[in-house]
Amino acid sequence: MLNLFIRCLILYFFLLIAMRLMGKRQLGELQPFELAITLVASELVCIPMGDATIPIIYGIIPVFSLFLIHIIITKLATKSVRFRKFLNGKPVILIEKGNILPDVLKELNMNIDDIMEALRGTGYFNPSEVEYAILETNGSLTVLPKSESKPLSPEDVGLQLPPATIPITVIMEGEFLGENLAQLEGITKERMLVFLDRMGIKQEDVLVLLVSGTDVYLQPYKGDFITAQLDTDTSANPSISVVDDEEPEPQNPTVIAPDSNLDEPPCDGLIQSDSEVVQ
């Protein structure tokens with residue numbers, strides 16, 4: 001029994017290492033040849049994993065051979081466009097100028113439910129909003145929306161925004177990430193502790209804290225998330241200011257008095273006539 005358990009661990013980790021070396025694609029993004037290699041490799045490992053009479057090397061050698069085949073095919077596909085098209089196929093247009101192409105659907109053995117589901121996955125629910133929809137070689141759908149259906153961008157309205165920055169995780173599950181913290185200029189652990197103290201939150205109560213430029217995102221284990229902004233001054237006093245929405249100061253209501261007689265006291269409404277006051 002212990003022998004079978006050890007064999008399973010060895011084959012599992014060997015298969016995991018081999019699949020890790022093949023790339024980082026998700027299952028839905030695999031090319032056909034990559035999916036075939038994945039399925040065959042898992043099946044080959046299962047045979048010696050469940051049968052103790054089969055030498056463990058009979059599972060390791062086939063997986064290693066598939067790994068070499070994957071490397072060779074990937075290199076050939078990189079060098080030759082024709083071989084890549086033969087291996088993976090080519091993208092196909094499913095929707096053109098809002099029109100679904102039934103002949104293409106029939107050729108690909110797809111139906112309306114398939115294309116509508118894929119279309120909704122891209123954020124569009126009506127084919128009339130789509131200029132082109134292309135089925136990629138890995139099975140995903142790429143959509144080019146019509147100009148009038150495209151989301152409005154800051155460039156469209158002439159806005160100039162500061163460059164985008166990648167949020168860096170400073171605290172995760174109550175622990176500081178020193179390697180990430182070292183990437184932030186002027187931000188130290190002591191400074192972040194001052195920030196947490198001002199927010200009334202303990203370090204161990206932080207689920208995640210992200211820093212992006214001067215913006216801070218803080219999600220505690222309990223309660224709502226908090227957004228704040230770091231001080232641009234990184235001098236001796238490492239204070240961090242929290243951006244709060246300032247409430248507008250209450251304004252005294254303006255009383256409109258008749259212009260005809262400035263000496264009269266203000267009334268509660270506009271005088272429409274000598275005998276009628278509109279309240």
Side-chain angles (χ1 to χ4, degrees), residues 19 22-39 70 73-74 77-169 172 207-219 223-229 243-245 248:
M19 299 304 298
M22 289 182 186
K24 286 189 174 182
R25 293 181 188 266
Q26 297 180 1
L27 185 61
E29 299 176 349
L30 294 177
Q31 297 294 344
F33 82 95
E34 294 173 325
L35 180 60
I37 290 178
T38 302
L39 296 176
H70 177 270
I73 291 177
T74 303
T78 304
K79 299 294 183 180
S80 174
V81 176
R82 290 185 178 181
F83 182 75
R84 185 163 62 245
K85 288 184 178 180
F86 169 77
L87 192 66
N88 302 327
K90 59 182 180 179
V92 180
I93 297 177
L94 298 180
I95 300 177
E96 184 177 7
K97 299 185 183 301
N99 299 306
I100 300 176
L101 306 180
D103 294 337
V104 177
L105 294 182
K106 184 177 180 181
E107 182 181 350
L108 297 175
N109 294 323
M110 296 181 63
N111 53 47
I112 296 298
D113 288 335
D114 295 332
I115 190 172
M116 292 303 297
E117 179 182 353
L119 196 63
R120 290 192 296 270
T122 62
Y124 295 92
F125 289 75
N126 195 326
S128 64
E129 303 174 347
V130 177
E131 191 74 23
Y132 289 99
I134 302 174
L135 183 66
E136 304 294 349
T137 57
N138 60 6
S140 63
L141 190 71
T142 303
V143 171
L144 176 65
K146 293 184 177 180
S147 298
E148 58 271 19
S149 301
K150 189 166 52 175
L152 194 65
S153 65
E155 184 180 2
D156 295 332
V157 295
L159 292 179
Q160 292 184 354
L161 300 179
T165 57
I166 299 177
I168 297 179
T169 305
M172 179 185 296
L207 177 62
V208 63
L209 187 147
L210 307 176
V211 176
S212 175
T214 59
D215 297 325
V216 176
Y217 171 88
L218 169 62
Q219 175 64 66
D224 297 331
F225 71 92
I226 300 171
T227 56
Q229 192 171 27
V243 179
D244 296 326
D245 295 333

Would you name the heavy atoms of H70 and T74 that are closest together and state the gap between them? O-OG1, 2.7 Å
Before giving the answer on side chain to side chain contact (heavy atoms under 4.5 Å, CB included), spell out for L94 and L108 the whole-Å C-alpha distance, their side-chain angles and the decisive distance to 0.1 Å. CA-CA 10 Å; L94 298 180; L108 297 175; 3.6 Å; yes
Tell me the closest heavy-atom pair linking D113 and N111, and the distance in Å. N-OD1, 3.1 Å
Would you find more than 12 non-hydrogen atoms of other residues, nucleotides or ligands less than 6.0 Å from D156 atom CG? yes
By side chain to side chain contact (heavy atoms under 4.5 Å, CB included) - contacts of K150 (at least two apart): P145
Is the NZ atom of K146 crowded by more than 12 outside heavy atoms at less than 6.0 Å? yes
Could you go step by step and tell me if I134 and L144 meet the side chain to side chain contact (heavy atoms under 4.5 Å, CB included) rule? CA-CA 8 Å; I134 302 174; L144 176 65; over 6 Å; no
Count the heavy atoms of every other residue, nucleotide or ligand shown that sit under 6.0 Å from CG of L152, and state whether that count exceeds 12. yes
Ignoring hydrogens and angles, tell me if any N or O in the side chain of S140 forms a donor-acceptor pair with the backbone of E136 under 3.5 Å. no
I'd like to know whether CD of Q219 has more than 12 heavy-atom contacts from other residues, nucleotides or ligands below 6.0 angstrom. yes
Looking only at non-hydrogen atoms, find the nearest pair between D114 and M110 and report the distance. OD2-CA, 3.7 Å
Over all atoms of both residues, closest heavy-atom pair of E96 and L101: OE1-CD1, 4.3 Å
To the nearest 0.5 Å, tell me how far I166 CD1 sits from L210 CG. 12.0 Å
Heavy atoms from other residues, nucleotides or ligands near CZ of F83 exceed 12 (cutoff 6.0 Å): yes
Just wondering, do Y132 and T142 contact through their side chains at under 4.5 Å, heavy atoms? no
Find the distance between CG (L218) and CZ (F225) and round it off to the nearest 0.5 Å. 10.5 Å
For the residue pair I115 and L141, what are the closest heavy atoms and their distance? O-CD2, 4.5 Å
Please determine whether the number of non-hydrogen atoms from other residues, nucleotides or ligands lying under 6.0 Å from atom CD of E148 exceeds 12. yes
Is there a side-chain contact between I93 and V104, using heavy atoms and a 4.5 Å cut-off? no
My understanding is that only residues two or more places apart in sequence, or in another chain, count here; which of them pass side chain to side chain donor-acceptor pair (under 3.5 Å) with S212? T165
Kindly indicate, with the supporting measurements, whether the criterion side chain to side chain contact (heavy atoms under 4.5 Å, CB included) is fulfilled by R84 and V81. CA-CA 5 Å; R84 185 163 62 245; V81 176; 3.5 Å; yes
Side-chain contact, heavy-atom cut-off 4.5 Å: V143 with L119? yes
Which atoms form the tightest heavy-atom contact between S149 and Y124, and what is the distance? O-CE2, 4.0 Å
